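Note that the coordinates shown come from a computational prediction; the quantities given were computed from them, not determined experimentally.
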Amino acid sequence: NLDPEIRTPPDWVWCLFEDSSGTLWAGTLGGGLLHYDRENDKFIRMLSDTENPSSLPNNVVRSITGDKNGDLWIGTGKGLARMLDKGTGKFEVIRPSEMFPEQSSNIVSTVLEDRNGNLWVNLNDSVIVRPSGSKVFELFEYDPADPNSLGHGRIWSILEDRSGVLWITSDTISRLVPTAHAFSIFPKDIPSSHGENLLLDSRNRLWVGLGDGLHSYNPNTNEWSHSQPFPDVEGSTENWVRGAGVYEDLQGTIWVVTHD
């Protein structure tokens with residue numbers, strides 16, 4: 001379902017992605033999926049159509065990524081979509097609840113392909129992964145009886161660092177070393193809080209924005225540090241780092257967006 005008459009994108013652009021062909025894609029919070037027609041200087045919008053099962057599954061688009069095969073993957077409020085035809089807006093729609101009966105949520109917040117070609121998909125409180133070369137997804141979720149399971153709580157962010165370690169934030173911080181095949185809660189002394197954002201900076205430090213400020217991990221020393229943007233302000237939300245609120249500029253300076 002295409003709408004070719006958009007000159008400027010609607011409000012609430014949630015994510016941006018430039019694919020291998022140089023096409024710019026924008027996911028919106030209710031306005032569907034947009035791609036920029038550079039030649040005609042306009043945006044083409046793809047919308048969900050309840051009468052068309054091959055359309056975008058939902059108009060809330062939270063994540064866009066491309067894989068090593070050139071396929072475009074879109075995370076929406078009602079499932080995961082793989083683009084089949086950009087010209088017609090045709091998609092393959094994957095709903096996690098249909099693959100895993102115990103999984104009630106189809107909300108996809110993050111889609112990430114790691115260096116080995118595994119596709120990781122962040123759901124509400126679990127993660128599914130499609131191993132490289134496979135068409136079958138596997139489910140990872142919290143299991144209180146298994147100390148090597150994914151951490152508990154809503155999943156906020158997924159990031160792969162330069163050594164191939166996967167970091168996942170929820171009410172805890174989970175770390176997955178590719179050779180270990182097991183999650184570890186790391187570190188154990190960071191207070192439980194919503195880690196809505198992750199950043200790997202140019203010095204290979206990991207930054208985690210939480211409700212009590214900013215935490216950073218130095219893999220060279222295996223140490224964590226904690227800082228607050230407004231250390232003199234207590235009992236407020238000014239030290240709560242907002243979602244997607246940690247950035248690094250070209251000079252290596254870290255910038256933080258807080259709640260207030």
### Task
Dump the intermediate steps for side chain to side chain contact (heavy atoms under 4.5 Å, CB included) on Asn204 and Leu200, then the final yes or no.
CA-CA 6 Å; Asn204 203 35; Leu200 187 70; 3.7 Å; yes
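- Atom CZ in Arg175 sits 11.0 Å away from atom CD1 in Ile185 (nearest 0.5 Å).
- For the pair Leu123 and Phe100, the minimum side-chain heavy-atom distance is 4.5 Å or more.
- The closest side-chain heavy-atom distance from Ile64 to Trp14 is not below 4.5 Å.
- Nearest approach of Pro219 to Tyr217, heavy atoms of both residues: CD-O, 3.5 Å.
- Interatomic distance, CD of Glu248 versus CD1 of Ile254, reported as 4.5 Å (0.5 Å rounding).
- Looking only at distances, no side-chain donor or acceptor of Thr110 sits under 3.5 Å from a matching main-chain atom of Ser157.
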### Task
For Leu139 and Ile128, run side chain to side chain contact (heavy atoms under 4.5 Å, CB included): C-alpha distance rounded to whole Å, both residues' side-chain angles, the deciding distance at 0.1 Å, then the answer.
CA-CA 4 Å; Leu139 175 67; Ile128 59 174; 3.7 Å; yes
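- Of the listed residues (Asn59, Val61, Leu34), just one forms a side chain to side chain contact (heavy atoms under 4.5 Å, CB included) with Thr28, and that residue is Leu34.
- Between His35 and Trp25, the ring planes are tilted. Angles from 30° to 60° get that label.
- Cluster membership check: Phe91 shares its hydrophobic cluster with Leu72, using side-chain heavy-atom separations under 4.5 Å among Ile, Leu, Val, Met, Phe, Trp and Tyr.
- Interatomic distance, CG of Asp125 versus CD1 of Ile155, reported as 7.0 Å (0.5 Å rounding).
- Considering only heavy atoms from C-beta on, Val246 comes within 4.5 Å of Leu214 through its side chain.
- No donor-acceptor pair under 3.5 Å is formed between the side chain of Arg95 and the backbone N or O of Pro57.
- Separating the CD atom in Glu141 from the CG atom in Leu150 is a distance of 9.0 Å, to the nearest 0.5 Å.
- A search for side chain to side chain contact (heavy atoms under 4.5 Å, CB included) contacts involving Asp67 returns Asn69, Asp71, Trp73, Glu113, Arg130, not counting sequence neighbours.
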### Task
For side chain to side chain contact (heavy atoms under 4.5 Å, CB included), just list the numbers for His215 and Ile173, CA-CA rounded to whole Å, side-chain angles, deciding distance to a tenth of an Å, and then say yes or no.
CA-CA 11 Å; His215 295 258; Ile173 301 174; over 6 Å; no
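- One distance of note links CG of Asn122 with CZ of Arg154; it measures 8.5 Å at 0.5 Å rounding.
- Two residues are said to be in side-chain contact when any heavy atoms from C-beta on lie closer than 4.5 Å; Thr76 and Val60 fail this criterion.
- By the side chain to side chain contact (heavy atoms under 4.5 Å, CB included) test, Ser216 is found to be paired with Trp207, Ser225, residues two or more places apart in sequence or in another chain being considered.
- Between Asn148 and Ala182, the closest heavy-atom pair is CB-CB, 3.7 Å.
- Using a 4.5 Å cut-off between side-chain heavy atoms of Ile, Leu, Val, Met, Phe, Trp and Tyr, with links allowed through other members, Phe140 and Ile168 fall into the same hydrophobic cluster.
- Leu159 and Trp120 fall into different hydrophobic clusters, where Ile, Leu, Val, Met, Phe, Trp and Tyr side chains are chained together by heavy-atom contacts under 4.5 Å.
- Residue Leu84 is not grouped with residue Ile74 when hydrophobic side chains (ILVMFWY) are merged at heavy-atom distances under 4.5 angstrom, including chains of intermediate members.
- When all heavy atoms of Arg62 and Ile107 are compared, the closest pair comes out as NE-CG2, 4.2 Å.
- Here the shortest heavy-atom pairing between Glu51 and Pro53 reads O-CD, 3.7 Å.
- Side-chain N/O atoms of Lys78 and Ser48 include no donor and acceptor closer than 3.5 Å.
- Looking at every heavy atom in both residues, Asp114 comes nearest to Asn116 through OD1-N, 2.9 Å.
- Other residues, nucleotides and ligands place no more than 12 heavy atoms under 6.0 Å from the CZ atom of Arg203.
- Of the possible donor and acceptor atoms, none in the side chain of Ser63 sits under 3.5 Å from a partner among the backbone N and O of Gly75.
- Note: Leu119 CG to Phe137 CZ = 5.5 Å, rounded to the nearest 0.5 Å.
- Aromatic ring pairs are classed by plane angle as parallel below 30°, tilted from 30° to 60° and perpendicular above 60°; the pair Phe43 and Tyr36 is tilted.
- Cluster membership check: Val111 does not share its hydrophobic cluster with Leu24, using side-chain heavy-atom separations under 4.5 Å among Ile, Leu, Val, Met, Phe, Trp and Tyr.
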#### Entry: side chain to side chain contact (heavy atoms under 4.5 Å, CB included) assessment of Val208 paired with Trp167
CA-CA 10 Å; Val208 185; Trp167 299 86; over 6 Å; no
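- Shown here for Val136 and Ser134, the closest heavy-atom pair between the two residues is N-OG, 2.9 Å.
- Using modelled atom types, no side-chain atom of Asn40 and backbone atom of Lys42 make a donor-acceptor pair closer than 3.5 Å.
- At least one donor-acceptor pair closer than 3.5 Å links the side chain of Asn106 to the backbone N or O of Ser97.
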